[in-house]
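First up is the structure itself, then whatever we jot down about it.
Quick caveat, the model's predicted, so the values are computed rather than measured.
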Amino acid sequence: MGRRIKKIKKIRLHHEGTHTLVFATVLYVLLMLACRMWLAPLCWPAFWVVLVTASVILGILFNFFQCPIRSYEGETEGIVVAPADGRVVVVEEVEEQEYFRDRRLMISIFMSLTNVHANWFPVDGVVRKVEHQNGNFHKAWLPKASIENERSTVVIQTPDGQEVLVRQIAGAMARRIVTYAEEGDNCFIDEHMGFIKFGSRVDVYLPLGSEPCIEFGQKTTGNQTIIAKLKA
């Protein structure tokens with residue numbers, strides 16, 4: 001099982017959600033005022049249904065755009081941490097066709113609407129490749145999403161020369177993938193790699209011989225849960 005360390009300094013809202021949250025909050029206030037003036041006098045139960053529903057939706061949006069500042073505690077050499085909050089949907093050897101063109105250990109994490117959607121670098125190293133590819137918007141948990149959906153690929157070379165590929169994948173509702181990584185940058189665990197708006201997934205491709213530390217269906221905490229250990 002993955003080791004999970006929860007040391008969260010503070011939580012803030014991600015700047016990627018500023019416009020969405022401002023618009024949603026204004027719309028919420030206007031809706032509540034309109035319902036209070038016209039709907040409440042006619043039917044109080046209907047007013048409360050609208051109030052609760054709108055409040056839940058707004059709460060989900062604020063949760064979605066949280067941006068926790070997390071610090072990983074422990075030795076990072078040879079360690080691969082979860083790049084995202086979510087649930088493990090794949091742990092298996094696969095043929096990676098776009099970059100390595102050989103077999104790799106693939107670990108996929110699906111992010112639902114209730115998860116924070118900030119993404120972290122899973123390893124320390126140097127960014128060797130960043131590429132965005134347009135594609136479809138299948139449901140993110142489907143296997144074909146990894147090769148057919150819109151996606152952004154980041155390849156990181158670790159200090160000992162191993163290459164790790166991280167792929168941000170859009171889902172049925174996701175329409176924007178943001179990647180902060182740039183080729184040639186030094187990257188570190190604890191740093192944000194990007195952000196995906198709404199339901200999506202992140203795939204990590206590791207060299208064969210890497211030891212998975214998580215299981216199918218397990219929940220992960222980004223930048224905290226150890227998902228694998230690289231072969232020395």
With clusters defined by side-chain heavy atoms of hydrophobic residues (ILVMFWY) lying less than 4.5 Å apart, directly or transitively, does [Y] cluster with [X]?
{"X": "Phe188", "Y": "Val123", "value": "no"}
{"X": "Trp120", "Y": "Val130", "value": "no"}
{"X": "Val88", "Y": "Leu230", "value": "yes"}

Any Lys/Arg nitrogen of [X] or [Y] sitting under 4.0 Å from an Asp/Glu carboxylate oxygen of the other?
{"X": "Arg151", "Y": "Glu131", "value": "no"}
{"X": "Glu96", "Y": "Arg167", "value": "yes"}
{"X": "Arg70", "Y": "Asp85", "value": "yes"}
{"X": "Glu211", "Y": "Lys229", "value": "no"}

Heavy-atom distance under 4.5 Å between the side chains of [X] and [Y], does that happen here?
{"X": "Val164", "Y": "Tyr205", "result": "no"}
{"X": "Met106", "Y": "Val204", "result": "no"}
{"X": "Arg201", "Y": "Gln168", "result": "no"}
{"X": "Ile107", "Y": "Ile214", "result": "yes"}
{"X": "Pro212", "Y": "Leu105", "result": "yes"}

Between [X] and [Y] (side chain of the first, backbone of the second, donor and acceptor by atom type, cut-off under 3.5 Å), is there such a pair?
{"X": "Thr153", "Y": "Lys129", "answer": "no"}
{"X": "Asn223", "Y": "Asp190", "answer": "yes"}
{"X": "Gln224", "Y": "Thr221", "answer": "no"}
{"X": "Arg103", "Y": "Glu93", "answer": "yes"}
{"X": "Glu150", "Y": "Ala170", "answer": "no"}

Roughly how far, to the nearest 0.5 Å, is [atom2] of [Y] from [atom1] of [X]?
{"X": "Lys231", "Y": "Ser210", "atom1": "NZ", "atom2": "OG", "answer": "9.0 Å"}
{"X": "Ile109", "Y": "Arg87", "atom1": "CD1", "atom2": "CZ", "answer": "11.5 Å"}
{"X": "Asn115", "Y": "Lys219", "atom1": "CG", "atom2": "NZ", "answer": "8.5 Å"}
{"X": "Ile227", "Y": "Ile79", "atom1": "CD1", "atom2": "CD1", "answer": "10.5 Å"}
{"X": "Ile189", "Y": "Asp124", "atom1": "CD1", "atom2": "CG", "answer": "4.5 Å"}
{"X": "Phe121", "Y": "Glu191", "atom1": "CZ", "atom2": "CD", "answer": "6.0 Å"}

Please table the atom pairs, donor to acceptor, closer than 3.5 Å between any side-chain atom in residues 21-42 and protein atoms at least two apart or in another chain.
{"unit_1": "Thr25", "atom_1": "OG1", "unit_2": "Leu21", "atom_2": "O", "d": "2.7"}
{"unit_1": "Tyr28", "atom_1": "OH", "unit_2": "Ser55", "atom_2": "OG", "d": "2.8"}

Applying side chain to side chain donor-acceptor pair (under 3.5 Å) to Asp160 and not counting sequence neighbours gives Thr158, Gln162
Exercise: identify the closest heavy-atom pair between [X] and [Y]:
{"X": "Leu206", "Y": "Ala228", "value": "CD1-CB, 3.4 Å"}
{"X": "Ser152", "Y": "His132", "value": "CB-ND1, 4.0 Å"}
{"X": "Val127", "Y": "Ala181", "value": "CG2-CB, 4.2 Å"}
{"X": "Met111", "Y": "Ala84", "value": "SD-CB, 3.6 Å"}

Applying salt bridge (charged side-chain N to carboxylate O under 4.0 Å, His left out) to Glu163 and not counting sequence neighbours gives none
Cys187 vs Ile156, side chain to side chain contact (heavy atoms under 4.5 Å, CB included): CA-CA, chis, key distance, verdict
CA-CA 8 Å; Cys187 61; Ile156 303 166; 3.6 Å; yes
More than 12 heavy atoms of other groups within 6.0 Å of Glu77 CD:
no
Mark yes when over 12 heavy atoms from residues, nucleotides or ligands other than Glu182 sit less than 6.0 Å from its CD; otherwise mark no.
no
Test Ile169 against Asp203 for side chain to side chain contact (heavy atoms under 4.5 Å, CB included), laying out the working first.
CA-CA 8 Å; Ile169 301 171; Asp203 294 345; 3.0 Å; yes
Worked check of side chain to side chain contact (heavy atoms under 4.5 Å, CB included) between Tyr72 and Val81:
CA-CA 9 Å; Tyr72 174 79; Val81 299; 4.0 Å; yes
Ile226 and Val80: CA distance, side-chain angles, deciding distance, side chain to side chain contact (heavy atoms under 4.5 Å, CB included) verdict
CA-CA 6 Å; Ile226 296 176; Val80 184; over 6 Å; no
